[in-house]
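Shown next, in structure tokens, is the structure this report addresses.
Computed from a predicted model, the values in this text were never measured in an experiment. Just so it is clear: chains get the letters A, B, ... in the order the sequence lines come, proteins before strands, and each one is counted from 1.
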There are 2 protein chains.
Amino acid sequence: MAAGTGQRPRGAGRAQLHETALRLFARDGVDGTSLQAIADEIGVSKAAVYYHYKTKDEIVLDVLRPMLDALPELTTRAEAQRTRHARVEVIITGFVDLAVGNHSSFVVVMIDPYVLRLLAKQQPLQQWWDRIVELVTGPEPDTQTRVAMLMFIGGLTSTSRDAWLAEMAPDEQRDYLLECGRRLLQHRRRPHAKD
Amino acid sequence: MAAGTGQRPRGAGRAQLHETALRLFARDGVDGTSLQAIADEIGVSKAAVYYHYKTKDEIVLDVLRPMLDALPELTTRAEAQRTRHARVEVIITGFVDLAVGNHSSFVVVMIDPYVLRLLAKQQPLQQWWDRIVELVTGPEPDTQTRVAMLMFIGGLTSTSRDAWLAEMAPDEQRDYLLECGRRLLQHRRRPHAKD
DNA sequence: GTCTATACGTCGATAGAC
DNA sequence: GTCTATCGACGTATAGAC
């Protein structure tokens with residue numbers, strides 16, 4: 001404890017550590033990011049990092065906390081909608097906003113093997129995924145929609161790590177990604193294909 | 001060299017090593033897979049693994065070789081098509097077949113940070129990606145199609161690691177994924193949306 | 001082809017000075 | 001809050017017996 005208030009200080013040093021760790025996790029993977037590498041990037045020693053966090057797992061979880069909290073919140077918000085169309089629209093816009101608003105967190109949470117192993121032990125991530133699937137497909141098991149949902153989420157992680165897309169203005173990224181989500185998940189059958 | 005023929009023997013031991021390494025790479029990431037872990041999985045010692053390969057990088061590249069060769073080949077095949085529609089169709093079916101036919105290789109090549117770092121040094125992967133983009137979007141820079149392409153490829157990697165989808169028959173996986181690709185990339189504007 | 005043994009660096013994590 | 005110094009475990013990679 002640095003301050004006498006009893007509150008978590010959340011100083012500038014901690015914020016910089018937070019930002020640096022997240023950036024390296026997204027670029028090199030958690031397994032590929034040593035605490036030494038994080039410390040070097042900031043310009044301090046490894047022990048200085050350990051002043052803020054007791055373990056590497058604690059860093060990972062703290063850095064990903066906002067994203068990990070946002071995902072169930074989004075699901076709950078979608079479940080409150082009455083029609084399937086509205087639920088899917090909330091899911092699409094919600095995921096796109098999460099991905100665009102925080103590329104690094106989204107990528108790390110979704111595809112990093114270290115994080116997947118960590119969460120498999122700690123939280124019922126599987127149940128959360130089942131909720132999403134039921135939201136989008138409805139009670140009857142629509143396989144095509146389920147596959148499209150998988151592709152949409154996975155595709156968002158891929159676009160989140162693309163350098164070319166990252167240069168685009170966030171609002172513009174958002175529009176293009178929303179269109180992709182609607183093509184995949186709000187599909188209406190066309191009269192008939194031309195080919 | 002074990003055999004006197006001068007040819008690479010390609011024995012059963014090497015094949016098992018190949019399969020085991022690929023499976024662990026896909027599950028735990030390359031950084032998260034030690035040579036000790038591979039050796040333990042097979043039931044031999046670490047040194048036995050080093051009999052077949054001099055370095056870890058060599059294992060990674062050898063294991064991913066079929067996929068790394070298939071990607072430019074697919075691109076060349078697509079470029080031979082006359083219409084944009086046909087080129088995109090070759091890209092869609094080609095990528096789906098690659099992903100369905102070899103889930104693990106596809107995932108590792110596409111998203112593993114270790115592999116991305118390795119390839120960044122050795123091969124002009126960037127040029128290959130530019131060829132794909134031009135194939136799909138055509139000469140004029142169509143941003144929406146480009147984003148859809150990113151989402152399609154990324155989505156394939158995500159569906160490749162999904163356990164539920166993996167239980168499905170390959171032909172069935174193929175059909176659902178093809179439909180997703182067509183929704184994203186062979187999009188025709190609908191008369192107008194209902195809502 | 002596979003083994004044991006080992007070299008040498010880096011890992012996550014801790015102790016104690018300042 | 002940050003440092004140096006250090007720990008034990010594990011990483012890649014090698015040497016040499018069988």
* Asked: When you check the side-chain N and O atoms of A:Thr33 and A:Arg27, is any donor under 3.5 Å from an acceptor?
  ->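 There is no such pair between these side chains.
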Quick check for you: among [options], whose closest atom lies nearest to any side-chain atom of [X]?
{"X": "B:Tyr50", "options": "C:dT14, D:dA13, C:dC11", "result": "D:dA13"}
{"X": "A:Gln36", "options": "C:dG12, C:dG1, C:dC11", "result": "C:dC11"}
{"X": "A:Lys56", "options": "C:dT2, C:dG12, D:dG11", "result": "C:dG12"}
{"X": "B:His52", "options": "D:dT14, C:dA15, C:dT2", "result": "C:dT2"}
{"X": "A:Ala47", "options": "D:dC3, D:dT2, C:dC11", "result": "D:dC3"}

* **Distance test, side-chain N/O of B:Ser34 to OP1/OP2 of D:dC10, below 4.0 Å** =>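 Indeed not, no polar side-chain atom of B:Ser34 lies that close.
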* Would you say A:Tyr51 reaches D:dT2's phosphate, i.e. side-chain N/O to OP1/OP2 under 4.0 Å? ->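 False: A:Tyr51 side-chain N/O out of range (4.0 Å or more) of D:dT2 OP1/OP2.
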Provide, to the nearest angstrom, the distance between the [atom1] atom belonging to [X] and the [atom2] atom belonging to [N].
{"X": "B:Asp31", "N": "D:dC10", "atom1": "CG", "atom2": "C1'", "answer": "14 Å"}
{"X": "B:Asp28", "N": "D:dG11", "atom1": "CG", "atom2": "P", "answer": "12 Å"}
{"X": "A:Leu24", "N": "C:dG12", "atom1": "CG", "atom2": "C1'", "answer": "17 Å"}
{"X": "B:Asp57", "N": "D:dG11", "atom1": "CG", "atom2": "P", "answer": "16 Å"}
{"X": "B:Arg14", "N": "C:dG1", "atom1": "CZ", "atom2": "P", "answer": "10 Å"}
{"X": "A:Ile59", "N": "C:dA13", "atom1": "CD1", "atom2": "C1'", "answer": "11 Å"}
{"X": "A:Glu58", "N": "C:dG12", "atom1": "CD", "atom2": "P", "answer": "15 Å"}

* Asked: What is the nucleic acid contact for A:Ser45, judged by heavy atoms within less than 4.0 Å: base, sugar-phosphate only, or nothing?
  ->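 Here A:Ser45 touches the bases of the nucleic acid.
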* To do: Report which part of the nucleic acid B:Lys54 touches: base, sugar-phosphate, or nothing (heavy-atom distance under 4.0 Å, all strands).
  =>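 Sugar-phosphate contact only - B:Lys54 comes under 4.0 Å of backbone atoms but never of a base.
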* To do: Give, for atom CD of B:Glu134 and atom OG1 of B:Thr75, the distance between the pair rounded to the nearest 0.5 Å.
  =>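 Here the rounded value is 12.0 Å.
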* Indicate yes or no: at least one non-hydrogen side-chain atom of A:Arg14 is less than 4.5 angstrom from one of A:Asp62. =>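 When only atoms from C-beta onward are counted, A:Asp62 and A:Arg14 do touch, with a gap below 4.5 Å.
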* Asked: Does a side-chain heavy-atom distance below 4.5 Å link A:Phe95 with A:Leu177?
  ->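 No, side chains not in contact.
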* Asked: Does A:Lys46 get its side chain close enough to the base of C:dG12, under 3.5 Å, for a donor-acceptor pair?
  ->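 Pair found.
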* Determine yes or no for a side-chain-to-main-chain donor-acceptor pair under 3.5 angstrom, with A:Thr159 supplying the side chain and A:Leu156 the backbone. =>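 Yes: the side chain of A:Thr159 pairs with the backbone of A:Leu156.
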* Contact nearer the 5' end of DNA chain C, comparing A:Thr55 with B:Gly13 ->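 The residue mapped nearer the 5' terminus is B:Gly13.
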